[in-house]
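Structure, as structure tokens:
Not measured: the values here are computed from a predicted model.
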Amino acid sequence: MDRRLDLMSLFGLEAGQAYIIRNAGGLVTDDVRRSLAIAQRLLGVEEIVLVRHTGCGMLGLADDVLLDGLEQETGARPTWRPGGFPDLEAQLGRCLRALAQDPHIPAGVAARGFVYDLATGQLHEVHR
């Protein structure tokens, strides 16, 4: 979701060479799973790469603090969870394991994960 990341350039891709799904925290939500299953079955997607970045706003986010604030402001508590996490690489590893176990996303078994360092411009691969 972060506008500071130009994923096409980062991976040396040109328009039309990749599908990109972006969300806050790069989480593997039900909607992301749905989109990946469709992309594999109907669009020919064969590889999945998850990318996180340093300085992520979801890092250290306490879900209940955000939910409480939204409820106080609007009078209604969201039904969704924000998905904050305390450790960037550990969360990425959990997402990779979740994809590997999803029977509807066959390419999830070989999915790769990276952390992009905003300060250095370097990619660091994270393994399950």
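In this structure, E46 and A107 approach most closely via the heavy-atom pair O-CB, 3.4 Å. Shortest non-hydrogen contact noted between A18 and L13 is CB-CD1, 3.6 Å. Closest approach of R41 and H104 over heavy atoms only: NH2-O, 3.7 Å. Here the closest non-hydrogen pair linking E89 and H124 is OE2-CD2, 3.3 Å. Across every non-hydrogen atom of G108 and I48, the tightest pair is N-CD1, 4.0 Å. For the residue pair G25 and R52, the shortest heavy atom distance occurs at O-NE, 3.1 Å.
One hydrophobic cluster holds both V115 and M58 under the rule that ILVMFWY side chains link at heavy-atom gaps under 4.5 Å. Note on V51: it clusters hydrophobically with I20, by side-chain heavy-atom contacts below 4.5 Å among ILVMFWY residues. When the side chains of ILVMFWY residues are joined at heavy-atom separations under 4.5 Å, either directly or via intervening members, L5 and L59 end up in two distinct hydrophobic clusters. At a threshold of 4.5 Å between side-chain heavy atoms, the hydrophobic network of Ile, Leu, Val, Met, Phe, Trp and Tyr places V109 and I38 in two separate groups.
Results of the side chain to side chain contact (heavy atoms under 4.5 Å, CB included) test with P78 over L66, L67, D63 single out L67 as the only residue that passes. When each of Q91, R81, M1 is checked for a side chain to side chain contact (heavy atoms under 4.5 Å, CB included) with L27, only Q91 meets the rule. Looking at V49, L50, V126, L92 one by one, the single match for side chain to side chain contact (heavy atoms under 4.5 Å, CB included) with F114 turns out to be V49.
Interatomic distance, Y116 OH to D2 CG, rounded to the nearest 0.5 Å: 10.0 Å. A distance of 7.0 Å separates CD1 in I105 from CD in Q40, rounded to the nearest 0.5 Å. Summarising the geometry, atom CZ belonging to R33 is positioned 12.0 Å from atom CD1 belonging to I21; distances are rounded to the nearest 0.5 Å.
Here the side chains of W80 and T29 are not in contact, with every heavy-atom distance at 4.5 Å or above. Taking 4.5 Å as the limit, some side-chain heavy atom of L36 sits within range of a side-chain heavy atom of L99. The shortest side-chain heavy-atom distance between L61 and P82 falls under the 4.5 Å cut-off.
Taking the charged nitrogens against the carboxylate oxygens, D87 and R94 have no contact shorter than 4.0 Å, which rules out a salt bridge.
Distance alone, capped at 3.5 Å, is enough to place a donor-acceptor pair between the R97 side chain and the R128 backbone.
Every residue meeting the side chain to side chain contact (heavy atoms under 4.5 Å, CB included) condition with D6, not counting sequence neighbours, appears here in chain and number order: M8, S9.
Residue pairs meeting the side-chain hydrogen bond (donor to acceptor under 3.5 Å, both in side chains) criterion with at least one partner in residues 12-28, sequence neighbours excluded, do not occur; the list is empty.
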